[in-house]
Amino acid sequence: MSERSIAEKQPMTDLERLRHSSAHVMATAILRLWPEAQFAAGPPVENGFYYDLQLDHRITTEDFPRIETEMKKVVAEDQLFERIPVSREQAFKLAEAGALGSLGPRNAPSKFKLDILQGIPAGEEITLYRNGDFTDLCAGPHIARTGGIGAFKLTGIASAYYKGNEKNPQLQRLYGTAFKSKAELDDYFVRLEEARKRDHRKLGRELGLFHIDEEVGAGLVLWTPKGAILRRELQGFISEELRKQGYTEVFTPHVAKLGLFRTSGHYPYYRESQFPPLIEPDSLRRLADEGCSCAALSNLLQEGEVDGFLLKPMNCPMHIKIYDSAQHSYRDLPIRLSEFGTVYRWEQSGELGGMTRVRGFTQDDGHIFCTEEQLAEELFRALDLGQRVLRALGLNDFRARLGLRDPDSAKYVGAAEQWGKAEDALRRAAEKVDLTFAEERGEAAFYGPKMDFVVKDVIGREWQLGTVQVDYNLPERFDLNYIASDNSPKRPIMIHRAPLGSLERLCGVLIEHFAGSFPVWLAPEQVRVLPISDKHLEYARKIEQLLAGAGVRTTVAASSDKIGAKIRLAQLEKVPYMLVLGAREEQAGEVAVRSRSHGDEGAVSAHEFVERVQKEIREKKID
RNA sequence: GCCGGUGUAGCUCAGUGGUAGAGCAGCGCAUUCGUAAUGCGCGGGUCGUCGGUUCAAACCCGACCACCGGCUCCA
């Protein structure tokens with residue numbers, strides 16, 4: 001564990017300390033089995049710990065029992081964790097001798113420890129930690145003795161690049177988790193199991209919300225009828241909010257000429273993350289006749305000597321063209337264009353998953369063209385909208401992240417002065433809407449800084465949903481202008497914003513958030529009418545008609561199942577309301593209400609129930 | 001893209017070289033029932049794809065595809 005010693009920010013919690021010590025115990029165990037293992041970094045992480053190591057033997061899950069057995073021995077030996085401050089020279093000497101991250105001197109130096117040592121600034125204290133024969137370069141802290149580790153388990157093996165850099169060697173990353181007691185460990189796995197039950201990939205299939213088909217392509221989502229209802233409701237919700245905020249809706253095509261994206265800078269700069277260009281049939285034939293190689297074609301495309309079309313990776317260039325299709329007076333600004341725009345990005349195969357990381361997705365996109373003076377107000381409104389829609393959907397547990405550029409990276413465009421202005425404008429707007437945010441370097445868009453709204457999925461992975469981005473750059477590239485009050489042309493500023501981000505990702509997150517039990521307004525099926533027997537089918541149809549007429553999505557369970565089975569099915573399908581109808585209800589003109597979450601609620605008049613459901617839908621009630 | 005794992009019926013899974021199985025779902029028939037599973041019967045599989053080893057492959061080997069967990073990436 002050494003990365004952390006360099007970047008140590010907050011003191012470790014007791015649990016982190018225990019897990020960090022578990023990483024050392026795991027390393028000790030591994031060295032007893034494979035003395036030649038080279039260790040890199042082994043920090044505690046959110047749900048446990050890991051240690052990165054290099055070893056010719058590929059560790060698999062079959063090795064876990066052996067490693068765990070060895071770890072148990074180390075815990076049983078109740079070794080003391082000893083903190084040893086050393087001089088730089090001593091540390092280097094030990095690393096050279098292979099004695100760091102090891103059980104003693106070896107014939108090969110502890111190369112990663114050596115590298116880490118070199119990164120420790122002069123003057124900073126260097127400490128070792130020793131438990132039993134195992135000595136490691138480590139800033140600590142640790143628990144007192146190995147016996148303090150109550151319960152642990154290895155949870156996975158993965159690969160990771162040394163220091164997270166693709167250019168560095170790949171190491172084996174062995175994950176584990178540890179707790180003070182066996183009960184807490186067991187509880188953790190129970191919770192994990194619960195979380196997996198709400199995984200949107202599982203629920204999406206069970207509830208018939210979406211389908212991803214191998215033959216259609218990885219990362220390309222098919223929205224089934226039920227999923228389409230969910231999506232349409234979300235789109236309707238956003239459309240209404242945007243209309244209130246003075247947006248106008250536009251439509252644009254899914255492909256455009258490559259030249260458009262050259263002007264915007266998306267091509268060839270980000271071509272690795274785009275579907276490859278489409279080439280006109282005539283050009284393609286001519287090039288083929290000339291015996292043009294793929295490599296040559298790629299170059300010709302890059303240099304702009306052959307034109308083609310691109311599946312759009314972003315909507316902004318097209319919205320810009322709409323803005324630029326007419327002359328604008330300062331009196332017209334701000335102009336706010338919105339579109340549910342579907343974009344296509346070539347995500348790496350290993351990154352695809354469910355609805356949260358896909359290759360084609362629809363953004364609730366929008367672009368605001370405004371003056372310098374209007375920027376603050378427009379940012380304020382965009383951030384306010386972003387927060388409000390997430391809260392309306394019950395996603396209260398989000399965090400905001402201000403993405404700043406990394407001054408050392410070349411991937412950003414535009415003048416430093418404009419970046420500074422844009423960053424300040426975002427900060428001020430965030431303060432005004434009372435949004436707490438964390439600033440992160442290297443998280444900006446290539447054209448400007450952005451404020452992202454980030455949520456977590458059931459297994460703790462973070463996903464960016466909404467975003468608000470300031471852009472001085474694209475207006476420049478497309479030479480946009482408006483006529484100012486002094487009759488001179490002036491450059492507008494652009495704001496890119498998508499309060500929900502991608503509808504696919506949002507739906508994935510929402511499925512997990514609600515565990516499939518959507519609030520009534522979002523539920524694909526809002527009410528299921530359950531006649532006790534065929535005798536009451538006619539009355540059931542009447543109630544269905546009543547509800548359908550009132551705009552409530554309703555079906556009738558007309559099967560010959562017993563009522564218990566009908567209820568069970570409706571519960572499993574997470575329909576918010578069930579209406580049980582038998583002779584009693586039919587005679588009284590009532591419906592016996594059963595809610596998904598509260599069970600039998602007794603009979604009310606059909607009319608009363610309709611009003612109740614309508615109210616919940618209208619108010620977007622979350623139960 | 002990289003490392004590791006997985007891929008058998010619509011779903012969940014069993015099947016370690018000798019003619020593919022269960023439960024649920026589906027279909028048919030019977031049942032007409034009061035708040036989480038009525039009974040009986042029937043159909044359903046190029047065992048991810050392609051190639052190899054073998055007298056014989058779901059099973060062993062290789063490549064590819066997809067998915068899962070990470071890493072890198074994420075305009």
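What's counted below: heavy atoms across the whole structure, side chains too, no hydrogens, waters or symmetry copies. A note on names: the letters A, B, ... follow the listed sequences, proteins ahead of strands, and every chain is numbered from 1.
- The C1' atoms of C33(B) and C47(B) are separated by 42 Å, rounded to the nearest whole Å.
- Distance noted for atom C1' between G39(B) and C61(B): 50 Å (whole Å).
- Going from the P atom of G23(B) to that of U35(B) covers 28 Å, rounded to whole Å.
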Could you go over nucleotides 59-63 of chain B and give all protein N or O partners under 3.5 Å, atom names and distances?
none

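- When all heavy atoms of R477(A) and V413(A) are compared, the pair lying nearest together is NH2-CG1, 4.4 Å.
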Protein-nucleotides 65-68 of chain B N/O pairs under 3.5 Å:
unit_1: C65(B); atom_1: O2'; unit_2: E214(A); atom_2: OE2; d: 3.3
unit_1: C68(B); atom_1: OP1; unit_2: R201(A); atom_2: NH1; d: 3.1

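- Taking the six-membered ring wherever Trp is involved, the centroid distance between the rings of Y323(A) and H367(A) does not fall below 6.0 Å.
- A stacked arrangement is assigned to Y270(A) and the six-membered base ring of A75(B), with a centre-to-centre distance below 5.5 Å and an interplanar angle below 30°.
- With C1' as the reference atom, U53(B) and G4(B) are 26 Å apart, rounded to whole Å.
- A cation-pi geometry, defined here as NZ or CZ lying under 6.0 Å from the six-membered ring centre and within 45° of its normal, does not hold between R405(A) and Y412(A).
- With U32(B), A75(B), C33(B) as the candidates, the nucleotide lying closest to the side chain of I532(A) is C33(B).
- Under the Watson-Crick and G-U wobble criteria, each requiring two contacts below 3.5 Å, nucleotide U35(B) is left unpaired.
- Atom CD of Q170(A) is separated from atom C1' of G1(B) by 10 Å (rounded to the nearest Å).
- Between K421(A) and Y472(A), the closest side-chain pair of non-hydrogen atoms falls below 4.5 Å.
- Listed nucleotides A37(B), C74(B), C71(B) differ in distance to R173(A); the shortest reach to its side chain belongs to C71(B).
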Measure all distances between protein nitrogen or oxygen atoms and nitrogen or oxygen atoms of nucleotides 22-31 of chain B, and list the pairs falling under 3.5 Å.
unit_1: U31(B); atom_1: O4; unit_2: S560(A); atom_2: OG; d: 3.1

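- Comparing atom distances between the R205(A) side chain and each of A75(B), U12(B), U38(B) picks out U12(B) as nearest.
- Listed candidates were A36(B), C33(B), G4(B). Nearest to the side chain of I157(A) is G4(B).
- The S533(A) side chain lies nearest to U32(B) when the options are U32(B), G70(B), C33(B).
- Ranking C73(B), A36(B), G34(B) by closeness to the R357(A) side chain, first place goes to C73(B).
- Of the candidates A37(B), A75(B), G70(B), A75(B) carries the atom nearest the Y447(A) side chain, counting heavy atoms from C-beta on.
- Checking U35(B), U32(B), C2(B) against every side-chain atom of I567(A), the shortest atom distance belongs to U35(B).
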